[in-house]
Q: 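Can you read through this structure? Questions will come right after.
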Amino acid sequence: MTLEPQKRRRLSPRTRLVLARIVVVVGAVLGLIGMLTARWGLLFAGILVIGLGAAMGPARARG
């Protein structure tokens with residue numbers, strides 16, 4: 001009895017790049033709003049979201 005290999009759904013590098021850029025832009029907007037309104041929670045959230053976007057980039061995909 002053979003087991004079928006698991007089917008993995010992976011996004012193309014181009015799609016990953018677009019998603020990563022969108023997440024980084026959202027993080028930058030959050031950070032900017034946090035700096036302008038002196039809401040340190042928004043600034044911190046923006047920094048975290050920018051880091052998440054950088055980690056999502058296509059260069060991080062391993063085969």
Side-chain angles (χ1 to χ4, degrees):
M1 177 179 226
T2 34
L3 297 174
E4 293 181 27
Q6 290 180 344
K7 294 180 181 178
R8 290 187 179 180
R9 298 176 106 184
R10 293 193 182 200
L11 298 175
S12 70
R14 182 173 172 85
T15 306
R16 289 177 61 86
L17 179 65
V18 170
L19 287 175
R21 284 183 179 172
I22 291 170
V23 170
V24 168
V25 168
V26 168
V29 169
L30 277 175
L32 182 63
I33 291 172
M35 284 184 62
L36 293 176
T37 61
R39 305 237 179 202
W40 305 115
L42 282 178
L43 178 62
F44 185 69
I47 292 170
L48 288 177
V49 171
I50 289 173
L52 177 66
M56 287 175 54
R60 301 293 300 168
R62 303 273 189 235

Q: Any chance you could pull the hydrophobic cluster mates of Leu36, using side-chain heavy atoms under 4.5 angstrom and chaining through other members?
A: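 Members besides Leu36, by chain and number: Leu32.
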
Q: Each residue besides Leu48 in its hydrophobic cluster should be listed here, by chain and number; the cluster joins Ile, Leu, Val, Met, Phe, Trp and Tyr at side-chain heavy-atom distances under 4.5 Å.
A: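 Other cluster members: Phe44.
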
Q: Establish whether Val23 and Leu19 are linked, either directly or via other cluster members, by ILVMFWY side-chain heavy-atom contacts under 4.5 Å.
A: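 Yes, same cluster.
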
Q: Going by side-chain contact (heavy atoms from CB on, under 4.5 Å), name the residues that satisfy it together with Val24, two or more places apart in sequence or in a different chain.
A: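 If we apply the side-chain contact (heavy atoms from CB on, under 4.5 Å) test to Val24, skipping adjacent residues, there are no hits.
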
Q: Restricting to side-chain contact (heavy atoms from CB on, under 4.5 Å), what partner residues turn up for Arg21, sequence neighbours left out?
A: Leu17

Q: Would you find a donor on one side and an acceptor on the other, under 3.5 Å apart, between the side chain of Arg16 and the backbone of Met56?
A: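 Checking the backbone N and O of Met56 against the side chain of Arg16, a donor-acceptor pair under 3.5 Å is found.
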
Q: Cluster partners of Ile47, using ILVMFWY side-chain heavy atoms under 4.5 angstrom, listed by chain and number?
A: Met35, Trp40, Leu43

Q: Minimum heavy-atom separation for Gly53 and Ala20, please, with both atom names.
A: O-CB, 3.4 Å

